[in-house]
Protein chains: 2
Amino acid sequence: MALTALKRQPAEQLATDALRDAILTGSVKLGERLTEVELADQFKVSRGTVRLALHQLSSDGLVVLKPYSGWSVITLEPRDMWEIYTMRGGLEATGARLAAEQLDEDGARQLEQAGELLFEGVRNAVGLDEIKRRDFALHRCIVELAKNSRLSHHYRLVEQQVRLFLSTTYSENYKEAVIEHHRPIVEAILSRNPTLAATLSADHCMSEGNRILRASEETDDRT
Amino acid sequence: MALTALKRQPAEQLATDALRDAILTGSVKLGERLTEVELADQFKVSRGTVRLALHQLSSDGLVVLKPYSGWSVITLEPRDMWEIYTMRGGLEATGARLAAEQLDEDGARQLEQAGELLFEGVRNAVGLDEIKRRDFALHRCIVELAKNSRLSHHYRLVEQQVRLFLSTTYSENYKEAVIEHHRPIVEAILSRNPTLAATLSADHCMSEGNRILRASEETDDRT
DNA sequence: TTTTTGCCGATTGTCACCAATCAGTAATAA
DNA sequence: TTATTACTGATTGGTGACAATCGGCAAAAA
């Protein structure tokens with residue numbers, strides 16, 4: 001008798017996750033219109049269930065509802081990118097500060113591991129998607145080390161929005177910068193320097209934000 | 001013809017707001033159990049509507065759902081207070097920094113006004129509730145000056161949680177400290193010093209958090 | 001032509017009913 | 001007695017039908 005507990009998922013949760021995933025992977029586009037009946041048909045659940053899912057995602061800031069009129073996936077203007085990256089910077093700075101203040105043996109090990117995984121990936125030139133994944137994982141690791149569930153929650157929401165336009169914005173040649181951007185942050189935390197860790201994190205996000213903002217402006221110019 | 005647009009509110013919104021208000025004012029207690037049917041009866045709406053409202057408040061972190069079992073208002077341990085005040089500090093620091101960076105004539109006027117309203121209230125000894133209101137208003141004013149809708153949104157959520165245990169934690173004798181705590185922050189922003197504004201804001205929240213944490217520990221000791 | 005009015009299809013908003021699940025209790029068997 | 005099973009009430013999970021609202025279009029009036 002050593003069976004793993006199988007977790008039932010209520011349909012509302014499944015629908016929410018499925019739709020969220022569809023939005024984040026870009027299989028439903030930004031600004032696309034969503035109707036409750038159509039989604040209900042596709043997911044093979046009732047409208048009420050879809051409705052609940054949509055409201056959840058609305059709280060997460062991924063879709064918006066115009067009353068009695070319709071749902072649609074949010075759109076992202078340059079202004080939104082600024083907002084999102086500013087938020088990310090602020091939250092990560094808080095996270096990095098707390099992480100550095102409270103770092104223990106176990107946390108140090110996790111952080112080193114997450115960092116090394118990213119750096120190793122860059123050196124061995126694994127796929128760009130994989131690098132992105134490890135990049136996100138490192139940032140998330142830092143935030144988790146703050147041991148603040150509310151911070152983690154808010155950060156997850158912002159991270160989602162980052163993914164949202166990262167799925168449209170590409171960049172092959174920023175790989176080299178990854179190591180030099182992240183290494184100092186990791187080391188500041190490992191050496192338990194809260195102020196430095198916070199400053200570096202905020203700056204890193206700002207420069208990332210500016211880089212992506214510039215990239216998207218170039219794209220806009222072409223059109 | 002100069003009639004103000006009357007805004008119809010869907011029942012879901014009304015229910016959400018009413019329940020939120022009931023929780024924040026303490027007319028439903030922390031940890032109290034909530035059933036969908038009972039709420040539906042009281043609000044004179046259907047269960048589906050209440051259900052939607054509860055899910056919304058769940059996203060806001062005010063209530064929690066144990067699947068197939070029941071809803072209840074969240075409870076707040078000392079650990080939660082630490083989390084909340086840490087968050088608040090981080091967000092306000094970000095807000096204050098941005099406010100100082102982008103301050104314009106109009107913003108400066110609003111900030112001075114909000115500050116003066118609070119300080120004047122303290123000097124003239126208006127009610128404690130009124131002081132709290134003006135205190136919140138000043139903090140909110142600063143965050144709004146950052147002109148970042150996402151920051152405002154996240155801050156509102158955290159502010160709600162602050163109210164949640166401020167409704168149970170009292171303190172008559174912190175009035176004197178109010179001016180000396182807030183004045184420097186306001187002036188740092190007015191003098192457009194982002195770094196100082198951020199630091200002061202974070203420190204202010206931390207000390208507030210510690211004060212309330214101590215107060216609640218004393219209360220716990222008595223029981 | 002221009003403005004107003006009424007209509008219609010699409011979509012969300014609301015409701016009442018039934019199903020699934022949980023937690024505690026009583027009945028039953030060892 | 002003790003452990004297992006079956007039952008029961010309460011609560012959430014899910015569905016289909018109906019009502020309210022919106023936006024655009026066509027008909028009618030000016």
Side-chain angles (χ1 to χ4, degrees), chain A residues 1-20 22-23 28-75, chain B residues 1-20 22-23 28-75:
Chain A
M1 283 290 283
L3 302 178
T4 165
L6 47 86
K7 57 173 179 183
R8 282 164 301 277
Q9 291 274 39
E12 354 179 292
Q13 200 56 42
L14 292 175
T16 307
D17 293 343
L19 186 51
R20 188 203 315 278
I23 294 173
V28 291
K29 305 281 185 302
L30 294 186
E32 185 169 337
R33 203 142 177 289
L34 300 171
T35 66
E36 297 178 356
V37 280
E38 190 178 347
L39 289 172
D41 285 350
Q42 296 200 256
F43 287 145
K44 302 294 181 201
V45 295
S46 91
R47 256 192 65 215
T49 305
V50 168
R51 204 172 156 66
L52 225 48
L54 282 166
H55 269 96
Q56 295 244 145
L57 295 180
S58 162
S59 300
D60 287 6
L62 291 179
V63 302
V64 289
L65 168 62
K66 192 175 168 192
Y68 287 103
S69 171
W71 298 90
S72 47
V73 182
I74 62 165
T75 57
Chain B
M1 283 291 283
L3 302 178
T4 165
L6 46 86
K7 58 173 179 182
R8 282 165 300 277
Q9 291 274 40
E12 347 178 301
Q13 200 55 41
L14 292 175
T16 307
D17 292 344
L19 186 50
R20 189 203 314 278
I23 294 173
V28 291
K29 306 280 184 304
L30 293 187
E32 186 169 337
R33 203 141 176 287
L34 301 171
T35 67
E36 297 177 356
V37 280
E38 190 178 344
L39 289 173
D41 285 351
Q42 295 201 256
F43 287 144
K44 303 293 181 202
V45 295
S46 90
R47 257 192 64 216
T49 304
V50 169
R51 202 170 159 66
L52 226 50
L54 283 166
H55 269 97
Q56 295 242 144
L57 294 180
S58 162
S59 300
D60 287 6
L62 291 179
V63 301
V64 288
L65 168 62
K66 191 176 168 192
Y68 287 103
S69 170
W71 297 90
S72 47
V73 182
I74 62 165
T75 58

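Naming: A, B, ... by sequence-line order, numbering from 1 per chain.
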- Message: Please list all pairs meeting salt bridge (Lys or Arg N to Asp or Glu O under 4.0 Å) that have one or both residues in residues 52-73 of chain A, counting only residues at least two apart or in different chains.
- Response: A:R20-A:D60
- Message: Once salt bridge (Lys or Arg N to Asp or Glu O under 4.0 Å) is applied, what residue pairs with a partner in residues 40-49 of chain A remain, sequence neighbours excluded?
- Response: A:E36-A:R47
- The side-chain contact (heavy atoms from CB on, under 4.5 Å) partner of A:S58 among A:V63, A:L65, A:V64 is A:V63
- Note on the structure: Span of DNA chain C engaged by chain A, first through last nucleotide within the 4.0 Å heavy-atom cut-off, is C:dT11 to C:dC22
- Note on the structure: Contact string for nucleotides 9-21 of chain D, one letter per nucleotide 5' to 3', B = base within protein heavy-atom range under 4.0 Å, S = sugar-phosphate only, - = neither, reads --SBBSB----BS
- Write out all pairs satisfying ring-ring contact (aromatic ring centres under 6.0 Å, His included) with one or both partners inside residues 34-68 of chain B, taking only residues at least two apart or from two chains. B:H55-B:W71
- Kindly write out the residues that satisfy side-chain contact (heavy atoms from CB on, under 4.5 Å) with A:E38, not counting sequence neighbours, or none if the list is empty. A:T35, A:Q42
- Message: Ignoring hydrogens, what is the shortest heavy-atom contact between B:I74 and B:G61? Give both atom names and the distance.
- Response: CD1-O, 3.4 Å
- Message: How long is the straight-line distance from CG of A:D17 back to CD of A:Q56, given to the nearest 0.5 Å?
- Response: 9.0 Å
